[in-house]
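Just so you know, ligand 1 is whichever comes first in the structure, and atom 1 is the first atom listed for that ligand.
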Amino acid sequence: MPTPEESLLDASRKLLKSIDAGDWNAYAALCDDSLTCFEPEAEGHLVAGMPFHKFYFDLPPSKSPRLSSISSPDVRVIGEVGIVCYVRLVQKLDAGGAPITATVSETRIWQRRGDAWKHIHFHRSPA
Ligand code: GLY
């Protein structure tokens with residue numbers, strides 16, 4: 001039986017995998033419809049809801065593979081809320097086909113719903 005912290009980290013890894021794979025159904029299943037976020041794509045605005053995120057999943061698939069890894073995670077559970085902070089390493093190819101790694105800092109907030117976690121807020125900024 002995983003600890004709440006282990007299941008939160010597992011949910012976080014599944015979320016990043018869904019983003020890397022462009023798998024909207026998997027991403028949406030992990031998120032609450034009211035998901036809020038600050039991320040660079042939002043140009044400093046707080047975004048609420050899923051349509052903003054779906055836009056990116058609906059784009060033609062990238063020619064570059066992507067692999068996200070979670071580095072130095074900090075996981076806290078406070079009652080029914082989980083907080084996961086880490087540096088995300090994103091391996092991909094640049095325009096010339098050379099492998100590069102992008103790094104971003106992410107804080108993701110989850111709410112426990114029964115046996116599962118639902119993603120309710122995140123903040124991403126350049127590492
Ligand atoms: N832009 C979607 C996410 O990082 O969750």
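Aromatic ring pairs are classed by plane angle as parallel below 30°, tilted from 30° to 60° and perpendicular above 60°; the pair H53 and F122 is tilted. Between H123 and H121, the angle of the ring planes goes over 60°, which puts this pair in the perpendicular group of the 30/60° scheme.
Of all atoms in ligand 1, numbered sequentially from 1 with element shown, those under 4.0 Å from a heavy atom of E39 are 1 (N). Ligand 1 places these atoms under 4.0 Å from at least one heavy atom of H53: 1 (N), 2 (C). In the vicinity of F122, heavy-atom distances shorter than 4.0 Å reach the ligand 1 atoms 1 (N), 2 (C), 3 (C), 4 (O), 5 (O). Counting atoms of ligand 1 from 1 in the listed order, those under 4.0 Å from a heavy atom of I19 are 3 (C), 4 (O), 5 (O).
Looking at R76 and E5, no side-chain N of the basic residue comes within less than 4.0 Å of a carboxylate O on the acidic one, giving no salt bridge.
In this structure, D32 contributes its side chain and K118 its backbone to no donor-acceptor pair below 3.5 Å.
By the 3.5 Å distance cut-off applied to N or O atoms, Y27 is counted among the residues near ligand 1.
Side chains of L16 and Y86 form a contact here, defined as non-hydrogen atoms less than 4.5 Å apart.
Of the heavy atoms in R124, only side-chain atoms (C-beta onward) come closer than 4.0 Å to ligand 1. The part of R108 lying near ligand 1 is the side chain, judged by heavy-atom distances below 4.0 Å. Under 4.0 angstrom from ligand 1, there are no non-hydrogen atoms of E106.
Paired with S68 under the rule side-chain hydrogen bond (donor to acceptor under 3.5 Å, both in side chains), one option of E106, R88, Q91 passes, and it is R88.
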